[in-house]
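Reviewing the structure listed below.
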Amino acid sequence: MNDQTTPAAPPVPVLPAARRQALRHHLVNEIHRPARRSRRALLLVPAGVLAVVLAGGVVAYSLAPVSAPLVVTVAQGDHGAATLLLQRMAAAATGEPGPSPSGGEYLYVKSRVAYSEVGNGPARLQPVHEREIWIPLFHRGDGQVRQPFYDVPLIGAIPSTRKLPDMTPNAQAVDLPADPDELLAKLYERHTGQGYDPDSAVFTAIGDILRESLVPPQIRSALYRAAAKIPDVEVVRGVTDAAGRPGIAVAHTDQSWRHEWIFDERTYDYLGERSYLVQDTVDGPAGTVLGMSAVTQRAVVPDLGARPKH
């Protein structure tokens with residue numbers, strides 16, 4: 001990373017378009033790099049926002065308000081329970097009605113999110129804030145995201161709506177085989193050999209699909225069955241999402257950090273995600289939260305920028 005006093009645009013890696021739904025993993029991997037940052041750099045940027053950043057050719061540095069690190073208890077994961085839970089979730093998903101995209105052209109997702117910053121001390125979590133994103137359903141085109149942005153040289157959160165040019169449509173993002181073995185092989189093919197741990201990259205890619213896509217039941221079932229085959233996937237109990245809702249997590253640990261998908265323990269509805277350190281590092285003690293989210297609304301809307309009526 002750049003060690004100059006004045007923030008400069010670091011080099012942006014060239015990634016294939018298929019990775020746009022999982023670009024967040026690139027910045028997550030920055031946690032493991034030994035080089036320290038001269039200023040606090042925003043991590044865990046969602047895929048849609050990072051698409052805008054990449055389109056502009058820069059990665060913005062954050063001058064967010066000072067916030068205290070958030071540290072949670074690192075619970076013991078249960079490897080043996082993961083396959084059983086994911087198989088139950090897959091069976092439940094198969095019996096659910098499919099999504100109805102009729103009457104709309106965009107997928108709308110509203111979330112509560114918080115991202116971490118690292119550099120010059122322990123990681124600190126920004127305040128939890130609302131995020132809205134509009135994703136084209138059927139055809140590649142412009143999307144939109146609205147959330148507070150932290151931009152240099154301004155200090156503080158600036159409520160902002162930004163265009164997301166040339167987005168991968170939802171239909172293409174979920175165009176996956178219904179056979180879990182074939183699906184998993186396709187994901188490993190996409191995400192192997194790009195400088196990331198393949199298991200972690202595939203786990204992250206599945207999580208990105210679950211978070212901000214409209215997924216048919218048979219594909220969601222296949223995603224759960226495929227996730228059960230990823231090495232070292234585990235279950236973590238007693239977790240909460242960014243909205244404070246309790247749940248059960250399917251998790252994967254990569255080196256010093258753990259990434260969780262959080263579900264309602266009774267209905268298996270997807271709630272959100274959480275990432276945190278599982279070991280003491282220069283970015284903080286074990287349990288330091290690096291990012292969290294909670295999906296609070298998902299709907300199909302007719303126009304870019306439109307919100308659901310209910």
Smallest separation among heavy atoms of Pro122 and Pro69, with atom names
CB-CG, 4.2 Å
Within residues 205-239 or reaching into it, pairs that qualify as ring pair (Phe, Tyr, Trp, His ring centres under 6.0 Å) - sequence neighbours excluded
Tyr224-Phe263
Measure the spacing between OG1 of Thr83 and CD1 of Ile230 and express it to the nearest 0.5 Å.
11.0 Å
Evaluate the criterion side-chain contact (heavy atoms from CB on, under 4.5 Å) for residue pair Leu85 and Tyr268; output intermediate values, then yes/no.
CA-CA 9 Å; Leu85 175 63; Tyr268 303 137; 3.8 Å; yes
Check this for me: does any side-chain nitrogen of one of Arg140 and Asp166 sit under 4.0 Å from a carboxylate oxygen of the other?
yes
In terms of hydrophobic clusters joined by side-chain contacts under 4.5 Å, are Ile133 and Tyr108 together?
no
In the single-linkage hydrophobic clustering (I, L, V, M, F, W, Y; side-chain heavy atoms under 4.5 Å), do Leu137 and Val215 co-cluster?
yes
Quick one: pull up CD1 in Ile206 and NE2 in His191 and give me the separation to the nearest 0.5 Å.
8.5 Å
If we ignore hydrogens and angles and just use 3.5 Å, is the side chain of Arg112 paired with the main-chain N or O of Ala242 as donor and acceptor?
no
Do you know which two heavy atoms are closest between Gln126 and His129, and how far apart they sit?
OE1-CE1, 4.1 Å
Is there a donor-acceptor pair under 3.5 Å between the side chain of Ser111 and the backbone N or O of Val113?
no
So which heavy atom on Lys163 is nearest to which on Asp142, and how close?
CD-OD2, 3.3 Å
Rounded to the nearest 0.5 Å, what's the gap from CD on Gln172 to CG on Asp175? Could you check?
7.5 Å
Check the hydrophobic clustering (I, L, V, M, F, W, Y; side-chain heavy atoms under 4.5 Å; chains of links allowed) and say if Phe138 and Leu214 are grouped together.
yes
Is there a donor-acceptor pair under 3.5 Å between the side chain of Trp134 and the backbone N or O of Ala306?
yes
Closest heavy-atom pair and its distance - Ile219, Leu176
CD1-O, 3.0 Å
Where do Pro217 and Pro97 come nearest, in terms of heavy atoms and distance?
CG-O, 3.7 Å
Take Val233 and Leu86 through the test side-chain contact (heavy atoms from CB on, under 4.5 Å) and record every step on the way to the result.
CA-CA 10 Å; Val233 170; Leu86 285 163; 4.1 Å; yes
Drop me the distance from Ile209's CD1 to Leu183's CG, to the nearest 0.5 angstrom.
7.0 Å
Counting N and O atoms only, with roles assigned by atom type, does the side chain of Arg298 sit under 3.5 Å from a partner on the main chain of Ser213, one being a donor and the other an acceptor?
yes
Other members of the hydrophobic cluster containing Val71, with the 4.5 Å side-chain heavy-atom rule, please.
none
The residue among Val236, Thr288, Val278, Leu277 that forms side-chain contact (heavy atoms from CB on, under 4.5 Å) with Val74 is Val278
Is it true that the side chains of Ser221 and Thr94 contain a donor and an acceptor less than 3.5 Å apart?
yes
side-chain contact (heavy atoms from CB on, under 4.5 Å) partners of Glu234, counting only residues at least two apart:
His79, Ala251, Thr253, Arg258
Excluding sequence neighbours, so at least two apart, what forms salt bridge (charged side-chain N to carboxylate O under 4.0 Å, His left out) with Glu182?
none
Is there a side-chain contact between Ser275 and His259 (heavy atoms, below 4.5 Å)?
yes
Point-to-point distance, once rounded to the nearest 0.5 Å, from CD of Glu260 to CZ of Arg274:
4.5 Å
For Gly291 and Ser116, the nearest pair of non-hydrogen atoms, with its separation, is N-CB, 4.4 Å
With rounding to the nearest 0.5 Å, note down the distance linking CG in Leu290 to CZ in Arg124.
14.5 Å
Among Leu125, Thr240, Val239, whose side-chain contact (heavy atoms from CB on, under 4.5 Å) with Met292 holds?
Leu125
Could you tell me whether the side chain of Arg245 and the main chain of Leu271 form a donor-acceptor pair under 3.5 Å?
yes
What I want to check is whether the side chains of Tyr106 and Asn170 have a donor and an acceptor closer together than 3.5 Å.
no
Please tell me whether Val174 and Tyr188 are part of a single hydrophobic cluster in this structure, the criterion being side-chain heavy atoms less than 4.5 Å apart.
yes
Looking only at side-chain N and O atoms, does Arg162 offer a donor or acceptor that is under 3.5 Å from a partner on Gln144?
no
Does Gln279 have any side-chain contact (heavy atoms from CB on, under 4.5 Å) partners at least two apart in sequence or in another chain, and if so, which?
Ser256
Under the 3.5 angstrom rule, does the side chain of Arg131 hit a backbone N or O of Ala114 as a donor-acceptor pair?
no
Per the ring pair (Phe, Tyr, Trp, His ring centres under 6.0 Å) rule, what does the pair list look like for residues 231-255, sequence neighbours excluded?
Phe203-His252
